[in-house]
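Working notes, beginning with the structure itself.
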Amino acid sequence: MVGEEGAFVLGWDEVLTEEELSTTLKVLCMSEEEFKEYKEQDGWEDDSEEEEHSTLSNEALSRLKPPCKQLLYDSVLLTLESYGSDLKAEQDLLNNKEAYEKLSRREQQALHVRYGQKRILHQLLELVR
């Protein structure tokens with residue numbers, strides 16, 4: 001469901017791997033009985049039309065059912081914990097011109113990437129809170 005890389009791709013305005021995230025949330029929030037019934041009825045194919053017309057925009061994420069919101073919230077917290085530093089530490093480093101200039105070009109680019117990823121994750125936390 002998640003794809004080869006095992007991750008979902010989030011942008012500033014919407015989920016870029018919306019089909020995978022939507023299906024994963026749906027399945028993970030089902031009871032065992034609901035899942036068995038869904039599988040037996042070939043539910044995987046029945047939803048394709050419905051999902052084609054829906055997008056997981058930030059607004060749609062904020063309207064998810066509470067169990068799906070909690071699952072996303074917990075997943076984002078786990079992802080943020082996997083980083084070696086928090087958003088504030090990255091921001092402080094970006095704002096400290098002297099420390100920033102001591103970084104190699106590659107380290108500076110990595111810092112910008114990490115900072116952007118963390119900002120998107122924090123935005124998602126706010127949406128599903």
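Atom set for the values below is all heavy atoms of this structure, side chains included, hydrogens, waters and symmetry mates excluded.
Between atom CD of residue Glu126 and atom OG of residue Ser62 there is a gap of 11.5 Å, rounded to the nearest 0.5 Å. Atom CD of Glu20 sits about 7.5 Å away from atom CZ of Phe8, to the nearest 0.5 Å. Here the straight-line distance linking atom CD of Glu37 with atom OG of Ser31 works out to 8.5 Å at 0.5 Å rounding. A distance of 10.0 Å separates NZ of Lys69 from CZ of Arg63, quoted to the nearest 0.5 Å. We find the CD-OG1 distance between Glu19 and Thr24 to be 10.0 Å, quoted to the nearest 0.5 Å. Taken from CG in Asn95 to NZ in Lys88, the straight-line distance is 8.5 Å, to the nearest 0.5 Å.
More than 12 heavy atoms of other residues, nucleotides or ligands lie within 6.0 Å of CD in Glu34, so this atom counts as buried by the packing criterion.
Residues Glu40 and Lys36 are not paired through a salt bridge, judged by the lack of any N-O separation under 4.0 Å between the basic side chain and the carboxylate.
Taking all atoms of both residues into account, the shortest heavy-atom contact from Leu71 to Cys29 is CD2-SG, 4.2 Å. Closest approach of Leu103 to Gln108, counting heavy atoms only: O-NE2, 3.5 Å. Closest heavy-atom contact between Ala60 and Leu56: CB-CA, 4.2 Å. Here the closest non-hydrogen pair linking Gln123 and Asn58 is NE2-ND2, 2.9 Å. Trp12 and Arg119 make their closest contact through CH2-CB, 3.5 Å (heavy atoms, listed as atom of the first residue, atom of the second, distance). Across all non-hydrogen atoms, the minimal contact from Tyr100 to Leu93 is CB-O, 3.7 Å.
Annotation: side chain of Gln117 is in contact with side chain of Val113 (closest heavy-atom distance under 4.5 Å). Residues His122 and Leu80 meet the side-chain proximity criterion, which asks for heavy atoms closer than 4.5 Å. Inter-residue side-chain proximity for Leu72 and Leu127 is flagged as unmet; no heavy-atom pair is nearer than 4.5 Å. The shortest side-chain heavy-atom distance between Leu121 and Tyr83 falls under the 4.5 Å cut-off. Between Leu94 and His112 the shortest side-chain heavy-atom distance falls below 4.5 Å.
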Test side-chain contact (heavy atoms from CB on, under 4.5 Å) applied to Tyr38 and Lys26, step by step:
CA-CA 10 Å; Tyr38 192 68; Lys26 183 183 292 186; 3.7 Å; yes

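Cluster membership check: Leu87 does not share its hydrophobic cluster with Ile120, using side-chain heavy-atom separations under 4.5 Å among Ile, Leu, Val, Met, Phe, Trp and Tyr. Leu124 and Tyr115 fall into different hydrophobic clusters, defined by Ile, Leu, Val, Met, Phe, Trp and Tyr side-chain heavy atoms under 4.5 Å apart, directly or through other members. In terms of hydrophobic clustering, with Ile, Leu, Val, Met, Phe, Trp and Tyr side chains grouped at heavy-atom distances under 4.5 Å, Leu125 and Leu61 are assigned to a common cluster.
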